[in-house]
Amino acid sequence: MRIFKEKKEINSFLSDIKKAGNTLGCVPTMGALHSGHLELVKRSVCENNFTVVSIFVNPTQFNNKEDLDRYPRTLQKDIDMLSAAGCSVVFVPEISEMYETDTLLHMDFGVLDKILEGEFRPGHFNGVATIVDKLFSVLIPDKAYFGEKDFQQLCIVTKLAEALHKTVEIVPCPIVRESDGLAMSSRNVLLEDQYRKNAGNIYNQLKWAKSMKNILPAIEIKSKVKEELNKQFRVEYFEIVNPKNFLSVENFTDSDDSIALVALFAGKVRLIDNIRI
Ligand code: AMP
């Protein structure tokens with residue numbers, strides 16, 4: 001497995017690989033890898049001749065300095081896991097390599113970057129889009145793998161690729177969960193015991209919401225789930241939306257497809273999850 005820190009070097013290495021007729025899959029991550037990340041890597045390894053994983057804790061997508069400072073960093077362990085998973089190339093740039101100047105692109109994603117995560121984490125999706133744009137420009141993958149756990153991010157990246165990186169196919173990957181249902185996340189190691197013990201209830205509530213689809217009106221499901229989760233956590237939002245346009249679903253008959261999305265604080269740790277309804 002080759003490890004690169006510089007854009008120029010990895011770009012030239014990967015260009016040669018592609019010129020030789022190989023396909024390239026890419027998995028952008030912020031490290032502190034877990035089995036959720038590895039599922040993306042394994043899928044890419046299956047579907048491409050070469051897989052490149054980037055590990056970069058992207059400062060511009062953090063709207064909270066404390067969250068950035070506390071973000072887990074486990075580089076050597078990550079590299080060992082990637083090597084065992086069959087990854088071919090790792091890109092671990094320094095901040096100065098990705099942000100030579102402090103100029104940031106500002107992109108407009110319509111309603112998508114203004115509601116839910118966009119509302120509670122101002123600037124977050126602009127930071128995500130900026131780094132994904134930079135990574136795609138350097139790595140030029142054929143396919144890029146993103147988890148459905150970050151559903152809104154997946155939609156933003158899909159729009160970004162449609163607009164600026166048409167040759168990159170975005171591949172959505174299902175959410176990987178712990179045995180109690182908690183969606184795997186690099187931040188889970190930061191959970192205090194009492195919150196970790198109850199964290200399976202987040203998924204239980206999502207499943208309950210799904211089971212109530214044709215039994216209770218959406219508005220009642222939303223208020224009951226919020227009430228339940230607020231007993232143990234601090235809910236920022238629990239919403240049921242149409243995944244195509246992110247309009248709030250008030251009445252299930254208006255939308256054949258819907259998704260319930262939640263963000264909450266478990267102590268100091270912010271968690272997100274979702275379920276198709
Ligand atoms: P992150 O390192 O948190 O930026 O995540 C890197 C990629 O892994 C993103 O596309 C995430 O959506 C994906 N990912 C993170 N956790 C999970 C999970 N539990 N299941 C599936 N994909 C995940």
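Whatever order the structure lists them in is the order used to number ligands and atoms, beginning at 1.
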Inset, instruction - For ligand 1, list the protein residues that place a heavy atom within a distance below 4.0 Å of one of its atoms, sorted by chain and number. - result: P28, T29, M30, H34, G36, H37, L40, Y71, F146, G147, K149, D150, Q153, P174, I175, V176, M184

Inset, instruction - Would you please say whether a donor-acceptor pair under 3.5 Å links the side chains of Q61 and N58? - result: yes

Legend entry - salt bridge (charged side-chain N to carboxylate O under 4.0 Å, His left out) partners of residues 130-139, not counting sequence neighbours, each pair once: none

Inset, instruction - Would you kindly check if the NZ (Lys) or CZ (Arg) of R187 is within the cone defined by 45 degrees around the ring axis of Y71 and under 6.0 Å from the six-membered ring centre? - result: no

Inset, instruction - Output yes when E39 and R43 qualify as a salt bridge under the 4.0 Å nitrogen-oxygen rule, no when they do not. - result: no

Legend entry - D67/R270 salt bridge by N-O under 4.0 Å criterion: no

Inset, instruction - Using only heavy-atom distances, determine whether the side chains of N201 and N204 contain a donor-acceptor pair under 3.5 Å. - result: yes

